[in-house]
Protein chains: 2
Amino acid sequence: MGLRERKKHQTRLALSDAAFELFLEQGFEATTVDQIAAAVDVSPRTFFRYFGSKEELALDFMVEYDEVVTAALAARPADEPPLQALAAAYRQFIREVRRTAAIDPERYVRHRHVMEANPHLITAGLARMADIETKLTAEVARRQGTDPDADPRPRLLVAFITSAIRVGFECATGDAGSLDKLFGNVEKTLALTVEALSPGWCQFNFGSSGQVATKASSPG
Amino acid sequence: MGLRERKKHQTRLALSDAAFELFLEQGFEATTVDQIAAAVDVSPRTFFRYFGSKEELALDFMVEYDEVVTAALAARPADEPPLQALAAAYRQFIREVRRTAAIDPERYVRHRHVMEANPHLITAGLARMADIETKLTAEVARRQGTDPDADPRPRLLVAFITSAIRVGFECATGDAGSLDKLFGNVEKTLALTVEALSPGWCQFNFGSSGQVATKASSPG
DNA sequence: GTAATTTATGTCAGTCGATGACAGATGACA
DNA sequence: TGTCATCTGTCATCGACTGACATAAATTAC
């Protein structure tokens, strides 16, 4: 890795660190981009060359995990029922977050704390979940051989699972300090969701209830 | 109603109409508040006296329905199981939207079209659903006699139902023109969700699985 | 090692959304 | 009619964000 890339990486990290320090002191909205840039001694214009927006910086820590979930789902055996595959994928996600959070717990706690303190950031976080739902739905539909635009069940199933994750995090709002409790909550809601769905509903093959996905429906 | 109030109502409507006309022509982002204000011949400052933000204007049509759902849930018989009560409340919601949409179909179609065309508005719409989830959760918990902060099941149940609504709307994205298909989709996903949840999971009383809600937990 | 090329950064100017403050216009009401 | 509350326009300002251009630095070629 050349000097140039190293410097960039360094600046990006410095911006993020300075930003979160200010966020925790003054709040997300009260902190201006100019302040962040000044703290790192770069021009405000440069800030926007590293992060598309102040919000993007604040939510940057979520990005990496998106790929973890989709990759984990894709790695599940093809004959596994979709509900179990999704649950397993998200357990993998939880393990991954746990792992990285263990390396630098304070960092993770800071991130969540800032996010939970700002309604706008919570909203933006929800939007990210909606994005990932689309990817997961496509994969579930592929596995089940149905068209996600005609058959709502893949979407529903994915929405149920992501609801579990979301509620798990929400329930732990406030004491995000104790990571064990946080992740324990998420695992609990995930388990509750798996047991809440009637076993017959989401069989290996969806069967023929729901929107009829005629076997030879033209693709595309 | 005095002249003053009539004028206000009139201006508000004019702003909304002018805005949506421009949104459909140029898109939400490309339309400036100045343009909207100019189209109605008021100052930009006045625009913000009617709507807190451009986004608020675009999503104004959702506001009234929020109250419909919560009121409908509160009106359900106390001995009805929560899943059925929630489903019934949302069917009431669908009826209400259908009714108003029938009065002025184009208006409703315009609103949805603009919203679906802009990721930021979709996100903001999701945020509204999150708000209403909180209210519904409180009511469900109250009915079940559990503490929504200790027992995740009310949240989960509500999240499942709102997932159904959301997916129903999403599935109909694109051909929002046919309102019947749209609402039919929502009803379908709602029905699918009700049948997806195992009947034993959400009994009249939650029973004792999940977080233990000790019978005599102090209220408040 | 120097020249040529790429690329990151700073500066500047500008747009747009949003807000506070003040003054003038207009409807409400005695 | 005259007072009062309230709506509105104007002005100034902030903060997020973007495009354009010049400079400085690193990379590569020679």
Side-chain angles (χ1 to χ4, degrees), chain A residues 1-23 25-60 114-115 117-125 127, chain B residues 1-16 18-20 22-23 25-60 114-115 117-125 127:
Chain A
M1 185 161 41
L3 170 59
R4 200 164 227 154
E5 271 189 275
R6 242 180 303 141
K7 269 197 173 178
K8 270 177 69 177
H9 196 260
Q10 192 178 324
T11 307
R12 187 183 174 88
L13 217 72
L15 281 171
S16 178
D17 284 347
F20 275 96
E21 198 166 329
L22 290 165
F23 291 162
E25 274 178 29
Q26 325 170 339
F28 175 75
E29 289 182 11
T31 304
T32 69
V33 171
D34 286 24
Q35 286 178 330
I36 301 170
V40 185
D41 217 57
V42 296
S43 78
R45 188 67 183 86
T46 293
F47 174 95
F48 288 107
R49 291 197 178 99
Y50 282 89
F51 300 97
S53 65
K54 206 170 72 170
E55 175 191 308
E56 186 181 309
L57 181 152
L59 263 43
D60 190 54
V114 167
M115 182 175 163
N118 189 279
H120 190 263
L121 289 180
I122 295 175
T123 294
Chain B
M1 182 161 42
L3 170 59
R4 198 165 227 156
E5 272 190 272
R6 242 180 303 142
K7 269 197 173 180
K8 271 176 67 176
H9 196 260
Q10 191 177 326
T11 307
R12 186 182 173 88
L13 217 70
L15 280 171
S16 178
F20 275 97
L22 290 165
F23 290 163
E25 273 178 30
Q26 324 170 341
F28 176 75
E29 289 182 11
T31 303
T32 69
V33 171
D34 287 24
Q35 285 178 330
I36 302 171
V40 185
D41 217 56
V42 297
S43 78
R45 188 67 183 87
T46 294
F47 175 94
F48 288 106
R49 290 200 177 98
Y50 281 90
F51 299 97
S53 65
K54 207 170 72 169
E55 174 191 308
E56 186 181 309
L57 181 152
L59 263 42
D60 188 54
V114 167
M115 182 176 162
N118 190 279
H120 189 264
L121 289 181
I122 295 176
T123 294

S.K.: How many whole angstroms separate atom CD of A/Glu5 from atom C1' of C/dT6?
M.R.: 14 Å
S.K.: Counting side-chain heavy atoms from C-beta on, which of C/dT7, D/dT18, D/dG9 comes nearest to A/Arg45?
M.R.: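 Among the listed nucleotides, the one closest to the side chain of A/Arg45 is D/dT18.
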S.K.: Looking at C/dA8, I'd like to know if its phosphate oxygens (OP1 or OP2) sit under 4.0 Å from a side-chain N or O belonging to A/Tyr50.
M.R.: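 For A/Tyr50, the contact criterion (side-chain N or O under 4.0 Å from OP1 or OP2 of C/dA8) is not met.
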S.K.: Can you find a heavy atom in the side chain of A/Met115 that is under 4.5 Å from one in the side chain of A/Phe28?
M.R.: no
S.K.: Kindly say if B/Lys54 contacts the phosphate of C/dA18, meaning a side-chain N or O under 4.0 Å from OP1 or OP2.
M.R.: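 No, B/Lys54 has no side-chain N/O under 4.0 Å of OP1/OP2 on C/dA18.
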S.K.: Looking only at side-chain N and O atoms, does B/Lys8 come under 4.0 Å of OP1 or OP2 in D/dC7?
M.R.: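 The answer is yes; a side-chain N or O of B/Lys8 sits under 4.0 Å from OP1 or OP2.
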S.K.: Using a cut-off of strictly less than 4.0 Å, decide whether A/Lys7 has a side-chain nitrogen or oxygen near OP1 or OP2 of D/dA26.
M.R.: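 For A/Lys7, the contact criterion (side-chain N or O under 4.0 Å from OP1 or OP2 of D/dA26) is met.
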S.K.: Considering every strand and a 4.0 Å limit on heavy-atom distances, what is the contact class for A/Ser43: base, sugar-phosphate, or nothing?
M.R.: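 Base contact.
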S.K.: Taking a pair as Watson-Crick or G-U wobble with both distances under 3.5 Å, which nucleotide is matched to D/dG19?
M.R.: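 Check on D/dG19: paired to C/dC12, both distances under 3.5 Å.
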S.K.: Could you check how far CD of A/Gln10 sits from C1' of C/dA8, rounded to whole Å?
M.R.: 14 Å
S.K.: If the cut-off is 4.0 Å, is A/Thr46 near the phosphate of C/dG10, judged by side-chain N/O to OP1 or OP2?
M.R.: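 Yes, A/Thr46 has a side-chain N/O under 4.0 Å of OP1/OP2 on C/dG10.
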S.K.: Take B/Met1 and B/Glu55, find for each the nucleotide of DNA chain C with the closest heavy atom, and name the residue whose nucleotide sits nearer the 5' end.
M.R.: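 The 5'-side residue here is B/Glu55.
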S.K.: In the structure I gave you, are the side-chain heavy atoms of A/Thr46 and A/Val40 within less than 4.5 Å of one another anywhere?
M.R.: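 Of all side-chain heavy-atom pairs linking A/Val40 with A/Thr46, none is under 4.5 Å.
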S.K.: Grab the CD-P distance between A/Glu29 and D/dG15 for me, whole Å please.
M.R.: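 Rounded to the whole Å, the gap is 12 Å.
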S.K.: If we only count heavy atoms from C-beta on, is the B/Phe48 to B/Arg45 side-chain gap below 4.5 Å?
M.R.: yes
S.K.: For a 4.5 angstrom cut-off between non-hydrogen side-chain atoms, does A/Tyr50 reach A/Leu13?
M.R.: no
S.K.: For B/Gln26 and C/dC16, give me the distance from atom CD to atom P, rounded to whole Å.
M.R.: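 Spelled out: CD on B/Gln26 to P on C/dC16 is 11 Å.
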S.K.: Could you check how far CG of A/Asp34 sits from P of D/dC14, rounded to whole Å?
M.R.: 11 Å
S.K.: Just the rounded figure in Å: distance from C1' of C/dT19 to CD of B/Glu56.
M.R.: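 It is 15 Å, rounded to the nearest whole Å.
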